[in-house]
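Read through the structure below, which is laid out as structure tokens, and then see the notes.
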Amino acid sequence: SDSLGVKKDVYRYEKFNSLWETKVTEKFSIDDKGKIIQTEISRIEDDGKGIQIYFENEGKEYASKMMYADYVESVKEWFTNPQKKNRQYEKFEALFGVPVTDAEKIVGCPIMVEVKIAFKKYPYAEIKKPAWA
């Protein structure tokens with residue numbers, strides 16, 4: 001009742017609407033399979049579920065994910081798997097030549113990304129080992 005007569009902007013996205021502007025990470029389609037993209041790292045985040053490596057292509061933001069948490073359907077929550085986390089941190093360092101704690105050092109560096117398909121229906125971005133690493 002406090003908001004009667006209040007006007008707000010509504011941000012319209014492909015699959016939802018929001019009263020606040022939302023940062024949406026794009027996803028590749030199955031038709032993009034085999035596509036090779038040369039771009040640069042725009043940002044890297046470790047959100048407690050995995051390491052997200054963000055990059056841009058044709059003005060849109062995409063991400064390659066190195067997940068280390070498991071989703072438990074019965075409680076609808078993510079739980080960190082310590083063994084997976086250690087493996088993903090090691091893979092990150094082997095791929096980029098820097099530990100995750102120093103990830104900000106490689107933001108802006110050039111990368112090559114290949115679009116692959118998992119289980120015949122889930123497209124994902126695989127970052128190739130950069131020459132500078």
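Two residues are said to be in side-chain contact when any heavy atoms from C-beta on lie closer than 4.5 Å; Lys85 and Tyr89 meet this criterion. At a threshold of 4.5 Å between non-hydrogen side-chain atoms, the residues Ile53 and Phe96 count as touching. Residues Lys65 and Lys49 fail the side-chain proximity criterion, which asks for heavy atoms closer than 4.5 Å.
Residues Phe92 and Ala103 share a closest heavy-atom pair of CZ-CB, 4.0 Å. For Thr80 against Gly48, the heavy-atom pair with the smallest separation is OG1-O, 3.1 Å.
For Lys84, the NZ atom is densely surrounded, since the number of other residues' heavy atoms within 6.0 Å is greater than 12. Residue Lys128 qualifies as enclosed at atom NZ: its count of foreign heavy atoms under 6.0 Å is above 12. Within a 6.0 Å radius of NZ in Lys129, more than 12 heavy atoms belonging to other residues, nucleotides or ligands are found. Counting heavy atoms of neighbouring residues, nucleotides and ligands inside a 6.0 Å radius, atom CG of Asn17 exceeds 12 of them.
Here the CD1 atom belonging to Ile36 is positioned 9.0 Å from the CD atom belonging to Glu126, to the nearest 0.5 angstrom.
Through chains of ILVMFWY side-chain contacts below 4.5 Å, Met67 is grouped with Tyr71, Trp78. Summarising the hydrophobic clusters (Ile, Leu, Val, Met, Phe, Trp, Tyr; side-chain heavy atoms under 4.5 Å, direct or chained), the residues clustered with Leu4 are none. Cluster note: Ile117 groups with Ile30 through ILVMFWY side-chain heavy atoms spaced under 4.5 Å, whether in direct contact or through intervening members.
Residue Val115 is not grouped with residue Tyr54 when hydrophobic side chains (ILVMFWY) are merged at heavy-atom distances under 4.5 angstrom, including chains of intermediate members. Residues Tyr124 and Leu95 are members of separate hydrophobic clusters, defined by side-chain heavy-atom contacts under 4.5 angstrom among Ile, Leu, Val, Met, Phe, Trp and Tyr.
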Please evaluate residues Ile41 and Ile106 with respect to the criterion side-chain contact (heavy atoms from CB on, under 4.5 Å), reporting the C-alpha separation (whole Å), side-chain torsions for both, the decisive distance (0.1 Å), and the verdict. CA-CA 7 Å; Ile41 298 169; Ile106 61 171; 3.9 Å; yes
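Scanning for salt bridge (charged side-chain N to carboxylate O under 4.0 Å, His left out) contacts around Asp47 gives an empty result, with sequence neighbours left out. With sequence neighbours excluded, the residues satisfying salt bridge (charged side-chain N to carboxylate O under 4.0 Å, His left out) with Lys76 are Glu73. Take Asp32 and apply the salt bridge (charged side-chain N to carboxylate O under 4.0 Å, His left out) test, not counting sequence neighbours, and it matches no residue.
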